[in-house]
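Letters A, B, ... mirror the listed sequences (proteins, then strands); counts begin at 1. Every heavy atom of this structure was used, including side-chain atoms; hydrogens, water molecules and symmetry mates were not.
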There are 2 protein chains.
Amino acid sequence: MVKRSSHRTSGCPVARPLDAIGDGWSLLIVRDAFAGLRRFGEFQKNLGLARNILAARLRHLVEHGILAAVPAPDGGAYQEYVLTEKGRGLFHLLVALRQWGEEFCFERDEPQVQLRDRLHRLPVRRLELCSHDGRLLGPDDVVVAPTPDRRAP
Amino acid sequence: MVKRSSHRTSGCPVARPLDAIGDGWSLLIVRDAFAGLRRFGEFQKNLGLARNILAARLRHLVEHGILAAVPAPDGGAYQEYVLTEKGRGLFHLLVALRQWGEEFCFERDEPQVQLRDRLHRLPVRRLELCSHDGRLLGPDDVVVAPTPDRRAP
DNA sequence: CGGATATGGTTTCATTTTACAACCAGATTG
DNA sequence: CAATCTGGTTGTAAAATGAAACCATATCCG
């Protein structure tokens, strides 16, 4: 083998993120971070993965700027892992994963959980992709095209 | 080692999908399937991955009901791989991945592509998560709660 | 103070997965 | 009927994964 293949140099914005979050654990760590978990032990207990793997994943997520290791919130001697702006940007991705899981990965008679609006405690809508003028868009309604030059002047 | 850990039995709808699409290639295959690719050779050439890995991934995606291997569209001797309903359900997930990649995985001066409305060729909006009554929701505006019993009567 | 225990990892080693390359079989082409 | 294209299936080596053992600090408890 030569090395696990990297998508760093791909020009496709679907491919590049997979280096950072394209494994079986990273997104679950991020999910737990959204849920408020911060400490190594909390993640380890909640996810049940091997500690060396968790350490490697946390390091990886920190390197990719998704989590930040902050030194000590309450004067404790250890560090905590908190979501960065980039990490919080994964919210819609997690919601998409969740809604797809809800719809396609459970039998009808299985107990399940759902996302609700914190204010009224009612189920949220499905994610929506809209055109500039507000029409709902599906797979056949979009095309990919070059982004206009964004270089600083 | 015992076996790569599975999330099949997890009750969390974020975790379960990762067995099906939680690796570095599956989502790219699905992306290409959305783009209209169907044949083994097309995927292989476009993705540049090893043929045995592609064969394994395609088999895996078919087993999970994301792709279907249809026998022969034009009387050809080989099969083609097409998205199922479940596979098409991954649209929003791919869009979320794409938008996150666009925003956080490119330098300002890199050439890039974006998603546009096919009708007017204008950039699409960001994905939106809305409450039942249409308010835009962020990470702090939602909670998870048990889904009411959905068993058939 | 001194030992027990909790926390946050790293190390070791066996197993699995990934990747590349070579090979093979059936269909198509010349 | 030989060459070649398509769609795979073997090898084989490197790398990732996972369980358990180990280690270094901190904190608790008597």
Side-chain angles (χ1 to χ4, degrees), chain A residues 1-10 15 18-29 32-33 36-64 67-82, chain B residues 1-10 15 18-29 32-33 36-64 67-82:
Chain A
M1 207 166 116
V2 127
K3 187 81 171 179
R4 188 207 193 89
S5 67
S6 165
H7 306 288
R8 237 189 325 277
T9 62
S10 166
L18 295 176
D19 280 349
I21 55 170
D23 70 286
W25 288 115
S26 293
L27 282 175
L28 295 180
I29 294 172
D32 283 0
L37 271 57
R38 299 169 146 251
R39 312 269 302 222
F40 185 94
E42 291 179 314
F43 290 111
Q44 201 276 323
K45 190 163 68 168
N46 195 56
L47 293 170
L49 82 173
R51 302 156 94 95
N52 54 345
I53 306 295
L54 176 59
R57 285 288 155 257
L58 288 173
R59 198 160 32 231
H60 191 73
L61 288 170
V62 168
E63 279 167 10
H64 280 270
L67 295 178
V70 311
D74 57 334
Y78 303 116
Q79 55 190 0
E80 296 192 343
Y81 299 93
V82 300
Chain B
M1 210 167 114
V2 127
K3 189 78 171 180
R4 188 205 193 89
S5 66
S6 165
H7 305 288
R8 237 189 326 276
T9 61
S10 166
L18 295 176
D19 281 349
I21 55 170
D23 70 286
W25 289 115
S26 295
L27 282 175
L28 295 180
I29 294 171
D32 283 359
L37 272 56
R38 299 168 147 251
R39 314 269 300 222
F40 186 92
E42 292 179 313
F43 289 113
Q44 202 275 323
K45 190 163 68 169
N46 196 56
L47 293 169
L49 83 173
R51 299 152 96 89
N52 56 344
I53 305 295
L54 175 59
R57 285 289 155 256
L58 288 173
R59 199 160 32 231
H60 191 72
L61 289 169
V62 169
E63 279 167 11
H64 280 270
L67 295 178
V70 311
D74 56 336
Y78 303 115
Q79 56 191 1
E80 296 191 343
Y81 300 92
V82 300

Shortest non-hydrogen contact from B/Asp19 toward B/Ser6: OD2-OG, 2.7 Å
Distance, nearest 0.5 Å, that separates CG of B/Leu67 from CZ of B/Arg38: 11.0 Å
Rounded distance (Å) that lies between atom P of C/dT17 and atom CG of B/Leu49: 17 Å
Heavy-atom closest contact (A/Ile29 atom, A/Leu54 atom, distance): CD1-CD1, 3.8 Å
Results of side chain to side chain contact (heavy atoms under 4.5 Å, CB included) for A/Ala55 - residues two or more places apart only: A/Phe40
Phosphate OP1/OP2 of D/dG8: any B/Tyr81 side-chain N/O under 4.0 Å: yes
Any B/Ser5 side-chain nitrogen or oxygen under 4.0 Å from OP1 or OP2 of D/dG18: yes
Between C1' of D/dT17 and NE2 of B/His7, the distance in whole Å: 12 Å
Short side-chain N/O contact from B/Arg57 to OP1 or OP2 of C/dT17, under 4.0 Å: no
Atom-pair distance (NE2 on A/His60; C1' on D/dA15), nearest Å: 14 Å
DNA chain D-proximal residues of residues 41-48 of chain B, any heavy atom under 4.0 Å: B/Gly41
Consecutive Watson-Crick or G-U pairs in runs of at least 3, all under 3.5 Å, in which DNA chain C is involved: C:1-30 with D:1-30
Pairs meeting criterion salt bridge (Lys or Arg N to Asp or Glu O under 4.0 Å) with involvement of residues 41-56 of chain A, two or more places apart: none
Under 3.5 Å between N/O atoms: give me all the protein pairs with nucleotides 21-26 of chain D, atom names plus distance.
| residue | atom | partner | partner atom | Å |
| --- | --- | --- | --- | --- |
| D/dT25 | O2 | A/Tyr78 | OH | 3.3 |

Any B/Leu61 side-chain heavy atom under 4.5 Å of B/Ser26 side chain: yes
d(CG, A/Leu54; P, C/dG8) in whole Å: 11 Å
Nucleic acid contacts of residues 18-26 of chain B, taken as heavy-atom distances under 4.0 Å to DNA chain C: B/Trp25
Set of side-chain hydrogen bond (donor to acceptor under 3.5 Å, both in side chains) partners for B/Asn46, sequence neighbours left out: B/Asp32
Taking every non-hydrogen atom, the tightest pair across B/Ala69 and B/Gln79: CB-OE1, 3.6 Å
Below 4.0 Å: OP1/OP2 of D/dT6 and any side-chain N or O of B/Arg39: no
Pairing residues for A/Asp23 by the salt bridge (charged side-chain N to carboxylate O under 4.0 Å, His left out) criterion, not counting sequence neighbours: A/Arg57
Spacing between B/Ile53 atom CD1 and D/dT10 atom C1', to the nearest angstrom: 13 Å
Residue A/Asn52, side-chain heavy atoms: nucleotide from D/dG8, D/dA19, C/dC20 that is nearest: D/dA19
Inter-residue atom distance B/Ile53.CD1 - B/Trp25.CH2, 0.5 Å rounding: 9.5 Å
For atom CZ of A/Arg59 and atom P of D/dA16, their distance in whole Å: 12 Å
Of B/Ala50 and A/Phe40, the one whose closest DNA chain C nucleotide lies more 5': A/Phe40
Side chain to side chain contact (heavy atoms under 4.5 Å, CB included) partners of A/Ala20, counting only residues at least two apart: A/His64, A/Ile66
Shortest non-hydrogen contact between B/Leu37 and B/Phe43, atoms and distance: O-CZ, 3.4 Å
B/Glu80 versus B/Tyr78, side-chain donor and acceptor atoms under 3.5 Å: no
Spacing of A/Glu80 atom CD relative to C/dG8 atom P, expressed in whole Å: 9 Å
Flag, side chain of A/Gln44 to backbone of A/Leu49, donor-acceptor distance under 3.5 Å: yes
